[in-house]
Amino acid sequence: MRACLLLLFLSSGFAPVRVYDQPYRPQFHFSPREHWTNDPNGLIYFEGEYHLFFQYNPFGDQWGHMSWGHAASRDLLHWEQLPVAIPESDGVMIFTGSTVIDERNTSGFCSGGKPCMVAIYTGHTPARPGHAGLQTQNLAYSNDRGRTWTKYSRNPVLDLKLSDFRDPKVFWSRQTQEWVMVVSLPNDHKVRFYGSSNLKDWKLQSEFGPAGATGGQWECPELFELPVEGAGSETRWVLKVGLNPSALQGGSGEQYFVGRFDGRGFRNDNAFSTTLWTDYGKDCYCALTFNHLPQGEHPVMMGWMDNWQYAAKLPTSPWRGQMTFPRSLSLRKTPEGIRLFQEPVKNIARLQGSEIKTPETHTYRLRSEMHLGTAQELGWRLLSDASHYTLIGYNRRNAKLFVDRTHSGLTGFSKDFPARVEAPLHLTGDILRLDVLVDRCSVEVFADGGRVTSTNLVFPPAGANGAEPYAKGGAAGAITTTVNGIRSAWPR
Ligand code: FRU
């Protein structure tokens, strides 16, 4: 009987394919089934679903033919990849952007008396001999929860005749009762704020920048409001901008500004030279928050877990590129000022297995509190075997947290990959608190309650399962650790 079934199975032409189980395939981070992805786009929550659109090449594992891929989830953990949402057409690529829910049909795109989803994206026409490239802002809309999309027949809605003008983030402003667009002038190191009552006609309100880090192009702007924890009804706005190249750790990375926004313009609370980084690792770029979350929910942000320096060379197949784990954001007062804190969304607990002593796979969460004791340096050696390891450590002398992946495994595919990255971190009470997500080819570190994050890809050899604390230049004090395996979020 068994033999018959097997024969039937094989002759039917279907082999049992483990689609999400190739070497290095993330188990609880989103990656497309196959092909290339970069930035997350159009993150939005609508009618019980989280939507993740993403920069996608439907035809291969290198950047090109940029279109919006699509995946949906009910819990931010399990994603179902859906057909391409907005494809490249007529030689115009669909670059990064956002989506909104048009509750009151201000655009006229919604049918059946129900709210619809509107995407605002950059249309990119590549340069060709004799013609400069062109980037404009465009609309598309969907009346079936993002499943099918129609491009607006009168695109573009914003055209400055520039070859660099991109990545619109749009949201509804309760202050002005209008739509706000934050969009980047990459070479000027500026973002612009536009206002509109119908998503089609946009009026320039103000500009911000240059400020902070300006070594590379400014891309992927994002703006959102957060309560300041423990400060009553006080809020601040966070303006986040991607920088490529010349970010803190080389290549692409992101900075943020804390300030006030009145619906028309942004005022930085800090001196214009103050540079704050959202992540101190090499691999978190073009992060975006979900629009339209239920009232009272803290913003949730996801980024592209990658770096333009080597994104095209990552040793993964048949996909290239993945997202960070979704992060819950908050603003807290610190001795240095008001800062952005990031923590993995609480839902992660649903994928957590029971506590384990030592990891036997490369998919786990490690939380630990380490009293510094007399140690000059202490931390964790993860994903280790006799000759490989990834270090997450704290150096007391210079008050820096670091992640060192120079011996992590496959590193030679790009000269920019082997790296030791650092983040300033003045510990409270001489205790190093770490929350670390390990998912086959990535290590996401949330330190000191999310005050510092460091996101880094790693490609360890199979079987490099070691996870040991270490100390140097003295002895560590008490260490408490919890390790939980994380179950795969993908169907087997
Ligand atoms: C950032 C970026 C965006 C652009 C997109 C194109 O990673 O360069 O500015 O819209 O990628 O894929």
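Just follow the structure's listing: the first ligand is 1, and inside any ligand the first atom is 1.
A cation-pi arrangement is present between Arg405 and Phe417 under the rule of less than 6.0 angstrom and at most 45 degrees off the ring axis. Under the 6.0 Å distance and 45° angle rule, Lys400 does not count as a cation-pi partner of Tyr280.
Shortest contact from atom 12 (O) of ligand 1 to any protein heavy atom: Gln55 OE1, 2.7 Å. From the protein, the heavy atom lying nearest to atom 8 (O) of ligand 1 is Glu219 OE2, 3.0 Å. Among protein heavy atoms, the minimum distance from atom 5 (C) of ligand 1 is reached at Asp39 OD2, 3.5 Å.
Put simply, the side chain of Asp39 never gets that close to the backbone of Leu288: no donor and acceptor are under 3.5 Å apart.
Within the structure, the closest approach of Asp167 to ligand 1 falls below 4.0 Å when heavy atoms are considered.
Set against the non-hydrogen atoms of Cys286, the atoms of ligand 1 under 4.0 Å away are 1 (C), 7 (O). Less than 4.0 angstrom separates some heavy atom of Thr96 from each of these atoms of ligand 1: 5 (C), 10 (O). Here is the list of ligand 1 atoms found below 4.0 Å of a heavy atom in Phe95: 4 (C), 6 (C), 10 (O).
In this structure, the ring of Phe413 has its center less than 6.0 angstrom from the ring center of Phe459. Between Phe261 and Trp237, the gap from one ring centroid to the other is short of 6.0 Å. Aromatic pair Phe53/Trp149: centroids less than 6.0 angstrom apart.
Between Tyr285 and ligand 1, no pair of N/O atoms sits closer than 3.5 Å.
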